[in-house]
Structure formats: C-alpha cells, structure tokens
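Step one of this worksheet: look at the structure below.
What you see below is based on every heavy atom in this structure, not just the backbone, and it leaves out hydrogens, waters and symmetry mates.
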Amino acid sequence: MEIEKYNLADMVKGWFVGNFEPTLYRTNDVEVGVKQYAEGEYEASHHHKIATEFTVIVTGEVEVNGKRYSAGDILKVPPGTSANFRTLTPVTTCVVKVPGAGNDKYVDPQ
C-alpha cells in the first residue's frame with residue numbers, strides 16, 4: 001500500500017474529513033478542516049445545535065465575540081453557543097466538529 005497525496009486547495013473551504021464531497025474520509029463522527037483567511041474576513045454570528053466546535057488558531061490573530069485570540073489558542077464552542085469571527089491578520093485555523101453534523105450551522109438574527 002502506498003501513501004496517497006491530496007491537496008488542501010482541492011477541498012471545499014478547507015474541509016477534508018466528514019460527510020461531504022469531496023472528502024478524504026467519509027464519516028458522520030467528525031468533521032475536520034484547515035481554513036485559511038485573509039486579513040479582515042468576517043463570519044457572522046452563528047451556532048451549532050448538535051456539534052461542539054474546536055478551533056485551533058495555527059497562525060495569525062482573530063477576534064471572536066469581541067475577544068482577541070492568537071496562534072496556539074484553542075477555542076471550544078459548545079452546542080448552542082453563538083460565535084462570530086473576524087481576522088485581524090492573515091489566519092490559518094484547524095477546525096474539528098464533533099459529531100460531524102451536516103446542515104448544523106445556524107446564522108443568528110442580526
């Protein structure tokens with residue numbers, strides 16, 4: 001058996017493990033993604049009803065719900081907890097959602 005090679009650029013928004021297409025490992029147990037953002041990108045406040053989301057700030061600085069986080073910080077967002085996200089610099093994150101729950105992102109009313 002040989003090592004298989006893939007490229008993050010071929011994945012949708014950096015997601016590479018979970019029950020979606022394309023994926024390197026199809027499962028409902030977990031979702032894993034490496035996400036890259038330019039400075040100044042923003043994700044509106046949203047929550048998950050089922051999944052707990054773990055976000056590792058690999059590089060850069062972000063603001064989540066008005067608090068600053070930087071490389072090495074790990075954020076645990078339980079189900080039902082709303083979070084918004086703004087990049088203060090170029091940022092790379094690694095995101096894990098447990099369980100993998102398709103269509104579990106709910107944008108909060110503005």
Side-chain angles (χ1 to χ4, degrees):
M1 197 167 234
E2 292 189 33
I3 293 174
E4 298 176 27
K5 179 185 177 278
Y6 300 88
N7 194 289
L8 193 59
D10 297 330
M11 303 295 121
V12 175
K13 296 183 180 180
W15 294 100
F16 63 95
V17 171
N19 193 11
F20 39 73
E21 188 65 38
T23 188
L24 302 184
Y25 184 77
R26 187 172 306 282
T27 180
N28 288 316
D29 296 333
V30 65
E31 294 177 5
V32 182
V34 173
K35 314 214 14 116
Q36 298 175 325
Y37 301 89
E39 180 179 344
E41 288 193 51
Y42 179 77
E43 285 191 14
S45 183
H46 68 280
H47 65 279
H48 303 283
K49 292 182 179 179
I50 300 169
T52 297
E53 183 173 291
F54 301 91
T55 299
V56 179
I57 311 303
V58 178
T59 63
E61 244 185 287
V62 301
E63 186 177 272
V64 178
N65 293 353
K67 289 187 170 183
R68 286 182 163 224
Y69 300 95
S70 57
D73 290 336
I74 302 172
L75 310 179
K76 178 182 177 182
V77 184
T81 302
S82 294
N84 60 35
F85 179 90
R86 180 182 314 279
T87 60
L88 304 174
T89 66
V91 171
T92 300
T93 64
C94 179
V95 181
V96 176
K97 290 197 290 190
V98 179
N103 300 316
D104 186 39
K105 183 174 182 176
Y106 299 89
V107 177
D108 299 327
Q110 298 298 321

Pairing residues for [X] by the side chain to side chain donor-acceptor pair (under 3.5 Å) criterion, not counting sequence neighbours:
X     : value
Thr52 : none
Asn28 : Asn19
Ser70 : none

Residue list, salt bridge (charged side-chain N to carboxylate O under 4.0 Å, His left out) with Glu4, at least two apart or on another chain: none
Please enumerate all residues that pass salt bridge (charged side-chain N to carboxylate O under 4.0 Å, His left out) together with Glu61, with sequence neighbours excluded. Arg68
Spell out, as yes or no, whether a donor-acceptor pair under 3.5 Å connects the side chain of [X] to the backbone of [Y].
X     : Y     : result
Thr23 : Gly18 : yes
Thr87 : Val62 : no
Asn84 : Val64 : no

Among residues two or more places apart or on two chains, list those pairs meeting ring pair (Phe, Tyr, Trp, His ring centres under 6.0 Å) that have a residue in residues 56-80. none
Sequence neighbours excluded, which residues qualify as ring-ring contact (aromatic ring centres under 6.0 Å, His included) partners of Tyr25? none
Please identify each residue that fulfils ring-ring contact (aromatic ring centres under 6.0 Å, His included) with Tyr37, with sequence neighbours left out. Phe85
Show your reasoning for whether side-chain contact (heavy atoms from CB on, under 4.5 Å) applies to Val17 and Val30. CA-CA 7 Å; Val17 171; Val30 65; 4.1 Å; yes
According to salt bridge (Lys or Arg N to Asp or Glu O under 4.0 Å), does anything in residues 85-103 pair up with another residue at least two apart or in another chain? List the pairs. Glu31-Lys97
Within residues 100-110 or reaching into it, pairs that qualify as salt bridge (Lys or Arg N to Asp or Glu O under 4.0 Å) - sequence neighbours excluded: Glu43-Lys105
Hey, do the aromatic rings of His46 and Tyr106 have their centres closer than 6.0 Å? no
Solution key, residues 7-15 side-chain donor-acceptor pairs under 3.5 Å, sequence neighbours excluded:
| from | atom 1 | to | atom 2 | distance (Å) |
| --- | --- | --- | --- | --- |
| Asn7 | OD1 | Ala9 | N | 2.8 |

Can you name the closest pair of heavy atoms from Ser45 and Ser82 and give their distance? OG-CB, 3.6 Å
Can you tell whether the side chains of Glu53 and Lys76 come within less than 4.0 Å, N to carboxylate O? no
Linking directly or through intermediates, with side-chain heavy atoms under 4.5 Å: list the remaining ILVMFWY members grouped with Ile50, chain and number order. none
